[in-house]
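These values consider heavy atoms only, across backbone and side chains, with no hydrogens, waters or symmetry-generated copies. Since we're looking at a predicted model, the values are computed, not measured. Note that the numbering runs from 1 along the sequence shown for the chain.
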Amino acid sequence: AETLAPTANIIWQYVPHLYGRGGVNLRLPRVMHFFGQHHCDQLVIAHEIAAPYSAWPHRCWYAWAQRRQWRQLLEYTNTVGISTEAWLKEWMHREPRFRDKMLLLPSPSSLPLVPLGQDHAQNWRARQGLPSAARVLTFFGTLSAAKQFSWLVDAWRAVQVADSPVALVVIGARPNPNVPSELKPLFKPLGYLAPEEVSTALQATDVLALPFVDGVSERRTSFMSGLQHGCAVLTTLGHNTGPTLRKAGYAVLVPATDRAAFRRSVADLLHDQPRRLQLRAAAREAYRCEYDWPRLTARINLSLGLQTGSSA
């Protein structure tokens, strides 16, 4: 701290699950306290806060210790940006004495937005070996139990009965579901792609489907990338979905526990081109106005300016 200017700003990226010992770092709050005593203003950008409690004793201890650690961070730092509005509301209620320190800092897309021509979607389908009339149902992200990918496969298989063809494109993973032989030409697990290739794939998508088990939130960068690229996004409503997203008109949300509703919504959206076009325009506008990097940077600068009298 002695080497820092008296008005230095320190920005911490807080993702506890990225380090070991259950995301518990007993030294971190002490370091933050030390910097605070040396008059350094500190902003924490929290992508995660704490794991849920578990019946397993060691996981239960981790969850408790993470919450204890988090409360110390709230005390020792000047500003705390939280990635999820539902978490922001929760902790403002739990710790009202720190509510003026807290603000929403979503996780914007890290992808470039590649400029493309009007014929891009048709050309992209041709390069993937898909029929020119195929509509594209896309999943983007890593696979885990929290992503409910089987919902997407079920919905894709069901929609073929009413109207064919519909392709299922997977970006970021190469799953191997049980696909009937007649549908295999329409299944495209593309795996991990270069950022520019992801952008071109998203811009050829008719419906981006993201059935999160805990509900969509502002920390889901696959969702943010969909908004950025003007996708018609179908996702889920759960306990991590805050009030703004619950009433948003730029995505279709169904309950994270209702598999049948998700399947119906996939079919409805694939059949409703005017609705998709409306969602695409609304998604671009919402991302530009609320979630893009210039907005995030402005919030960070403003929060630090309120604390220090100058921007970061």
Side-chain angles (χ1 to χ4, degrees), residues 15 45-50 52 80-94 99 102-111 113 137-142 144 146-149 151-152 155 202 205-259 261-266 268-269 272 275-300:
V15 191
I45 300 177
H47 188 68
E48 298 170 350
I49 295 178
V80 179
I82 299 176
S83 66
T84 300
E85 188 184 29
W87 298 350
L88 175 65
K89 300 295 184 184
E90 175 188 354
W91 283 97
M92 281 183 166
H93 175 73
R94 287 190 180 191
R99 64 181 298 123
M102 301 183 211
L103 73 157
L104 178 65
L105 286 181
S107 300
S109 169
S110 58
L111 296 174
L113 183 57
L137 176 64
T138 299
F139 173 88
F140 173 37
T142 58
S144 68
K147 305 298 180 64
Q148 302 187 125
F149 180 70
W151 285 28
L152 199 58
L202 289 176
T205 292
D206 290 293
V207 175
L208 177 65
L210 303 169
F212 303 115
V213 70
D214 53 356
V216 70
S217 67
E218 296 83 357
R219 70 187 288 271
R220 294 291 190 180
T221 53
S222 54
F223 172 67
M224 289 293 171
S225 297
L227 299 183
Q228 174 199 22
H229 285 81
C231 294
V233 181
L234 169 62
T235 185
T236 48
L237 179 68
H239 64 269
N240 278 340
T241 307
T244 299
L245 290 179
R246 286 176 180 270
K247 62 183 181 182
Y250 45 83
V252 176
L253 278 68
V254 298
T257 56
D258 196 336
R259 189 174 190 145
F262 182 82
R263 186 169 60 247
R264 290 192 302 270
S265 296
V266 167
D268 291 345
L269 203 49
D272 193 344
R275 175 67 168 141
R276 296 200 305 271
L277 292 174
Q278 182 270 326
L279 287 169
R280 291 171 67 89
R284 292 190 193 95
E285 183 66 9
Y287 186 79
R288 184 185 67 82
C289 293
E290 300 295 335
Y291 304 119
D292 204 356
W293 283 101
R295 293 292 183 182
L296 180 71
T297 302
R299 291 182 193 179
I300 291 173

I'd like to check I45 versus I300 (side-chain heavy atoms, cut-off strictly below 4.5 Å). Are they in contact?
yes
Can you list the residues that meet the salt bridge (Lys or Arg N to Asp or Glu O under 4.0 Å) rule with R275, with sequence neighbours excluded?
none
Only counting residues at least two apart or in another chain, list the ones meeting ring-ring contact (aromatic ring centres under 6.0 Å, His included) with W87.
none
Is there side-chain contact between S107 and M224, with at least one heavy-atom pair below 4.5 Å?
no
Could you pull out all residues at least two apart from D206 that satisfy salt bridge (Lys or Arg N to Asp or Glu O under 4.0 Å)?
R125, R276
Report the distance from atom OG1 of T235 to atom CG of L245, rounding to the nearest 0.5 Å.
9.0 Å
How would you list, by chain and number, every residue that makes a salt bridge (Lys or Arg N to Asp or Glu O under 4.0 Å) with R219, sequence neighbours excluded?
E48
So L234 and V254, do their side chains get closer than 4.5 Å, heavy atoms only?
yes
Could you state the interatomic distance from OH (Y287) to CG (L113), rounded to the nearest 0.5 Å?
9.0 Å
Sequence neighbours excluded, the answer for side chain to side chain contact (heavy atoms under 4.5 Å, CB included) partners of R295 is none
Residues that F223 engages under ring-ring contact (aromatic ring centres under 6.0 Å, His included), provided they are two or more places apart
none
Does S109 have any side-chain hydrogen bond (donor to acceptor under 3.5 Å, both in side chains) partners at least two apart in sequence or in another chain, and if so, which?
S225, Q228
About how many Å separate NE2 of H229 and OG1 of T138, when rounded to the nearest 0.5 Å?
12.0 Å
In a table with atom names and distances, give each donor-acceptor pair under 3.5 Å that connects a side chain of residues 208-218 to protein atoms at least two apart or in another chain.
{"unit_1": "D214", "atom_1": "OD1", "unit_2": "R220", "atom_2": "NH2", "d": "3.0"}
{"unit_1": "D214", "atom_1": "OD2", "unit_2": "R220", "atom_2": "NH2", "d": "3.3"}
{"unit_1": "D214", "atom_1": "OD2", "unit_2": "N240", "atom_2": "ND2", "d": "3.0"}
{"unit_1": "E218", "atom_1": "OE1", "unit_2": "E85", "atom_2": "N", "d": "3.1"}

Taking side chain to side chain contact (heavy atoms under 4.5 Å, CB included) as the definition, give me every residue that meets it alongside R299, ordered by chain and number, with sequence neighbours left out.
L103, L104, L105, P106, E290
All pairs passing side-chain hydrogen bond (donor to acceptor under 3.5 Å, both in side chains) where residues 249-258 contributes a residue, at least two apart:
Y250-Y291
Between CZ on residue R259 and CG on residue L152, distance to nearest 0.5 Å
10.5 Å
Hey, what do you get for OG1 (T84) to CD1 (I49), rounding to the nearest 0.5 Å?
7.5 Å
R288: what forms a salt bridge (Lys or Arg N to Asp or Glu O under 4.0 Å) with it, not counting sequence neighbours?
E285
ring-ring contact (aromatic ring centres under 6.0 Å, His included) with F262: which residues, sequence neighbours excluded?
W151
